[in-house]
Amino acid sequence: RVVRVLERLKEEGRKPEQIRIDNGPEFLAGVFQHWCQINSVKLHYIQPGRPMQNGYIERFNGSCRKELLDMYVFESLQEVEHLAWEWIQNYNYKRPHKALEFKTPMDKKKEYFVT
C-alpha cells in the first residue's frame with residue numbers, strides 16, 4: 001500500500017526526496033526499501049523508542065486516537081469508515097493547527113503549492 005501511494009505521488013510529480021519514518025513493518029519491508037532505492041528517495045529512520053523524532057505523525061496519531069478511536073464503541077466497519085472520514089475532513093479542512101500558523105492543513109498546502 002505504501003508503495004502504491006508513493007507511485008501515485010510520483011505520477012503526479014510529487015515524489016518525496018526523503019522520508020522520515022518509524023521502524024514499523026510497512027517501512028522495513030523489502031518492497032518499500034527497494035522502491036525508495038530505485039527512485040532515489042532517502043530513508044531516515046527514527047531511533048526505536050524515540051517517537052519525538054517524528055513529532056508531526058505522532059501528534060496526528062495521538063489526536064486520532066484520543067478524538068476518534070477512544071471516543072466510540074464501533075458497531076461495524078462501515079461506522080468506523082464513516083466516522084474516520086468525517087474526522088479527517090474536519091482535521092484537514094476545518095481545524096486550524098498551531099504548527100501551521102493556525103491554518104488548516106489544506107490551506108497550508110494551497111499556500112505551499114501557490115508560492
Side-chain angles (χ1 to χ4, degrees):
R1 283 181 129 171
V2 173
V3 169
R4 227 176 18 235
V5 170
L6 288 168
E7 272 298 316
R8 190 174 64 228
L9 290 173
K10 184 174 121 179
E11 289 170 10
E12 295 171 1
R14 301 186 311 145
K15 177 183 69 90
E17 293 178 16
Q18 64 181 2
I19 301 174
R20 178 181 298 194
I21 49 181
D22 64 19
N23 295 285
E26 67 277 20
F27 299 120
L28 296 175
V31 173
F32 169 73
Q33 292 178 344
H34 179 71
W35 186 93
C36 291
Q37 183 180 14
I38 64 173
N39 286 282
S40 301
V41 175
K42 295 178 187 171
L43 296 178
H44 296 279
Y45 289 93
I46 65 170
Q47 292 172 302
R50 303 291 307 234
M52 68 289 287
Q53 291 178 348
N54 199 10
Y56 289 114
I57 195 64
E58 293 299 328
R59 174 64 185 245
F60 174 85
N61 288 346
S63 295
C64 182
R65 187 178 311 107
K66 184 174 74 178
E67 298 168 13
L68 174 66
L69 301 176
D70 290 348
M71 297 293 290
Y72 298 95
V73 175
F74 300 105
E75 307 249 343
S76 68
L77 183 56
Q78 291 78 19
E79 183 181 15
V80 175
E81 290 171 343
H82 175 74
L83 290 171
W85 185 85
E86 286 182 345
W87 186 85
I88 289 169
Q89 295 302 305
N90 181 57
Y91 187 91
N92 286 329
Y93 291 92
K94 297 178 184 170
R95 177 168 140 183
H97 297 258
K98 182 178 179 182
L100 300 176
E101 302 167 339
F102 294 98
K103 296 177 179 144
T104 68
M106 295 314 284
D107 287 340
K108 192 67 173 176
K109 178 182 175 184
K110 289 178 199 170
E111 180 182 291
Y112 176 76
F113 284 108
V114 171
T115 58

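Keep in mind that this is a model prediction, so the values were computed, not measured.
Note on V31: it clusters hydrophobically with Y45, by side-chain heavy-atom contacts below 4.5 Å among ILVMFWY residues. Under the 4.5 Å side-chain heavy-atom criterion for ILVMFWY residues, a single connected hydrophobic cluster contains both I19 and V5. Cluster membership check: L9 shares its hydrophobic cluster with F32, using side-chain heavy-atom separations under 4.5 Å among Ile, Leu, Val, Met, Phe, Trp and Tyr. Transitive grouping of hydrophobic side chains (ILVMFWY, heavy atoms separated by less than 4.5 Å) keeps W85 and L77 in distinct clusters.
Contact annotation: the side chain of E7 never approaches that of R4 to less than 4.5 Å [non-hydrogen atoms, C-beta and beyond].
Checked by atom type, the side-chain pair H82/E86 shows a donor-acceptor distance below 3.5 Å. Side chains of N39 and K10: a donor-acceptor N/O pair is present below 3.5 angstrom, by distance only.
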Q | Evaluation steps, ring-ring contact (aromatic ring centres under 6.0 Å, His included), between W87 and F60 | A | CA-CA 12 Å; W87 186 85; F60 174 85; 5.5 Å; yes
Q) Stepwise, does the side-chain contact (heavy atoms from CB on, under 4.5 Å) test hold for H97 with S63? A) CA-CA 12 Å; H97 297 258; S63 295; over 6 Å; no
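With rounding to the nearest 0.5 Å, the separation of CD1 in I46 from NE2 in H44 is 13.0 Å. Put simply, CG on L43 and CD on Q18 are 9.5 Å apart, with the number rounded to the nearest 0.5 Å. Between the NZ atom in K108 and the CG atom in N92 there is a gap of 15.0 Å [rounded to 0.5 Å]. Taking SG from C64 and CD from E67, the interatomic distance works out to 8.5 Å, rounded to the nearest 0.5 Å. The structure places OH of Y91 at 12.5 Å from CG of L68, a figure rounded to the nearest 0.5 Å. Atom OG1 of T104 and atom NZ of K110 lie 7.0 Å apart (nearest 0.5 Å).
Heavy atoms only, all atoms of each residue included: K66 and M71 are closest at O-CG, 3.3 Å.
The environment of K42 atom NZ is sparse: at most 12 non-hydrogen atoms of other residues, nucleotides or ligands sit within 6.0 angstrom. When the shell of 6.0 Å around CD of E17 is examined, it contains 12 or fewer heavy atoms from other residues, nucleotides or ligands. Residue R65 places its CZ atom among 12 or fewer non-hydrogen atoms of other residues, nucleotides or ligands, all under 6.0 Å distant.
Remark: Y72 pairs with F74 by the ring-ring contact (aromatic ring centres under 6.0 Å, His included) rule, at least two apart or across chains.
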